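Right, one structure below, let's go through it.
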Amino acid sequence: MSDTSRLHTVDQLLETLDHLIERSERGDRSAPGAAAFWTEILTREGHPLATDLPDEPLVDWHTRGLLGDLSGARVLDIGCGAGRNTRWFATQGATVHGVDLAADLLDRIRPDLPPTATVTALDILRDPLPSAQYDVIYDSGCFHHIAPHRRLTYLERVLPALSPGAHYAIITFAAGQVETPTDLQILTTGDTAGGMSFSLEDLRSTFNSLTPIDLRPVRPNVPHTFGAPFLNAALFTN
């Protein structure tokens, strides 16, 4: 679509807003152009995300039996990064498919993954998604980088991949702990400010087609897990 064309479809509106985000100083960190940014962050020595530890809520939910039997379960790990949660799922006996924008990073980690784990470079909003149905879909830090106008795209593409009785779990920045612009400010300026924060009620409302199981802040300093006080966690079933 040219800059002088008039909008007349929803897709054109979404693409125009995509360009608004892309042209901001930070750019669109949920688009393929951000791959190098994420590779640098996730491999930077001393960065909190440069860890091999699984997320605290993930381990807690499994310990409490809230994720169901992971032995043989089919898992989609959205925004898998360097594969820390992908590996954890595989060690529990699951067959895991991790997806992420950062193709170079995935190439680095692929040789050392467990046999039941695979990773694919793709854009969760625009590329063809794996055709499988999943028992668990896990998103640790991808959703809160998606611009407001593309949340519906995410919901329409991701949630249908849940098999009956499956679980969807998500980790996001926590409202009140991380100051982020409003959706209106983002869609006016194009600046996502490094991610958006969500309250527990925001998550409940956003995923209201699912049944909530556990919504809570992430706990820091739990041995052998990654956790930070500026994160919220939510677990749902369909």
Side-chain angles (χ1 to χ4, degrees), residues 1-39 76-81 97-103 106 119-134 137-164 166 168-173 175 180-199 201-212 234 236 238:
M1 181 179 174
S2 72
D3 289 343
T4 59
S5 300
R6 298 299 182 189
L7 303 177
H8 60 274
T9 71
V10 172
D11 284 343
Q12 289 173 347
L13 174 60
L14 294 175
E15 289 168 5
T16 298
L17 293 170
D18 286 344
H19 292 316
L20 174 69
I21 304 298
E22 290 167 3
R23 292 171 182 173
S24 70
E25 183 178 351
R26 298 175 207 267
D28 185 351
R29 289 182 177 169
S30 68
F37 169 84
W38 289 116
T39 298
L76 179 64
D77 185 7
I78 296 175
C80 67
H97 192 168
V99 296
D100 199 276
L101 295 170
L106 299 185
V119 289
T120 302
L122 60 78
D123 178 346
I124 197 71
L125 298 176
R126 300 167 187 87
D127 291 336
L129 301 183
S131 59
Q133 293 280 289
Y134 294 95
I137 296 179
Y138 190 62
D139 180 328
S140 181
C142 175
F143 186 75
H144 63 209
H145 288 288
I146 292 173
H149 67 285
R150 282 296 182 180
R151 289 182 199 134
L152 182 59
T153 304
Y154 177 103
L155 296 173
E156 290 177 339
R157 287 168 61 85
V158 170
L159 297 191
L162 289 165
S163 62
Y168 174 84
I170 184 168
I171 308 293
T172 70
F173 291 140
T180 57
T182 66
D183 288 350
L184 179 58
Q185 289 171 327
I186 292 169
L187 293 175
T188 301
T189 66
D191 187 0
T192 59
M196 288 139 274
S197 59
F198 294 82
S199 68
E201 187 54 40
D202 289 335
L203 295 175
R204 188 188 304 271
S205 299
T206 300
F207 297 94
N208 62 7
S209 64
L210 304 176
T211 301
F236 303 87
N238 69 341

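Being a predicted model, the structure only gives us computed values, none of them experimental. For this chain, numbers begin at 1 and follow the sequence in order.
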Looking only at heavy atoms, what is the nearest atom pair of [X] and [Y], with distance?
X      : Y      : result
Ala34  : Arg29  : CB-CA, 3.5 Å
Thr172 : His144 : CA-ND1, 3.2 Å
Ser199 : Ala175 : N-CB, 3.5 Å
Leu106 : Gly81  : CD2-O, 3.5 Å

Contact check, side chains of [X] and [Y], non-hydrogen atoms, under 4.5 Å:
X      : Y      : result
Thr206 : Leu155 : yes
Leu122 : Leu129 : yes
Arg157 : Ile124 : no
Leu159 : Ser209 : yes
Thr192 : His145 : no

Next item on the list: Let me see the working for Val119 and Asp100 under side-chain contact (heavy atoms from CB on, under 4.5 Å), right down to the final yes or no.
Entry: CA-CA 8 Å; Val119 289; Asp100 199 276; over 6 Å; no

Quick one: does [X]'s side chain have a donor or acceptor within less than 3.5 Å of a partner on [Y]'s backbone?
X      : Y      : value
Ser30  : Ile146 : no
Thr211 : Asn238 : no
Gln133 : Pro160 : yes
Asp123 : Ala31  : no

Check: With sequence neighbours left out, what residues match Ala234 under side chain to side chain contact (heavy atoms under 4.5 Å, CB included)?
Finding: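 Checked Ala234 against side chain to side chain contact (heavy atoms under 4.5 Å, CB included); matches are Ile170, Leu203, Leu215, Phe236.
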
Notebook entry, point to check: Quick one: side chain to side chain contact (heavy atoms under 4.5 Å, CB included) partners of Thr9, sequence neighbours excluded?
Noted result: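 Testing Thr9 for side chain to side chain contact (heavy atoms under 4.5 Å, CB included), a comparison that skips the adjacent residues, returns Asp11, Gln12.
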
Note to self: Between Leu162 and Leu210, is the side-chain contact (heavy atoms from CB on, under 4.5 Å) condition met? List the steps.
What the structure shows: CA-CA 10 Å; Leu162 289 165; Leu210 304 176; 4.0 Å; yes

Note to self: Quick check on side-chain contact (heavy atoms from CB on, under 4.5 Å): which of Leu17, Thr180, Ile21 does Ile186 satisfy it with?
What the structure shows: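 Filter result, single survivor: Ile21.
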
Next item on the list: Output yes when Arg151 and Asp202 qualify as a salt bridge under the 4.0 Å nitrogen-oxygen rule, no when they do not.
Entry: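 No, no charged N to carboxylate O under 4.0 Å.
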
About how many Å separate [atom2] of [Y] and [atom1] of [X], when rounded to the nearest 0.5 Å?
X      : Y      : atom1 : atom2 : answer
Cys142 : Ile171 : SG    : CD1   : 13.0 Å
Arg126 : Glu15  : CZ    : CD    : 9.0 Å
Tyr134 : Leu76  : OH    : CG    : 5.0 Å
His97  : Ile78  : NE2   : CD1   : 11.0 Å
Leu20  : Thr189 : CG    : OG1   : 7.0 Å
Leu125 : Asp18  : CG    : CG    : 8.0 Å

Note to self: Using the ring centroid of each side chain, check whether Phe207 and Phe143 are separated by less than 6.0 Å.
What the structure shows: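 Aromatic pair counts; centres sit under 6.0 Å.
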
Check: In terms of heavy-atom contacts, does CD of Glu25 have more than 12 from other residues, nucleotides or ligands at under 6.0 Å?
Finding: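 No, the 6.0 Å shell around CD holds no more than 12 heavy atoms from other groups.
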
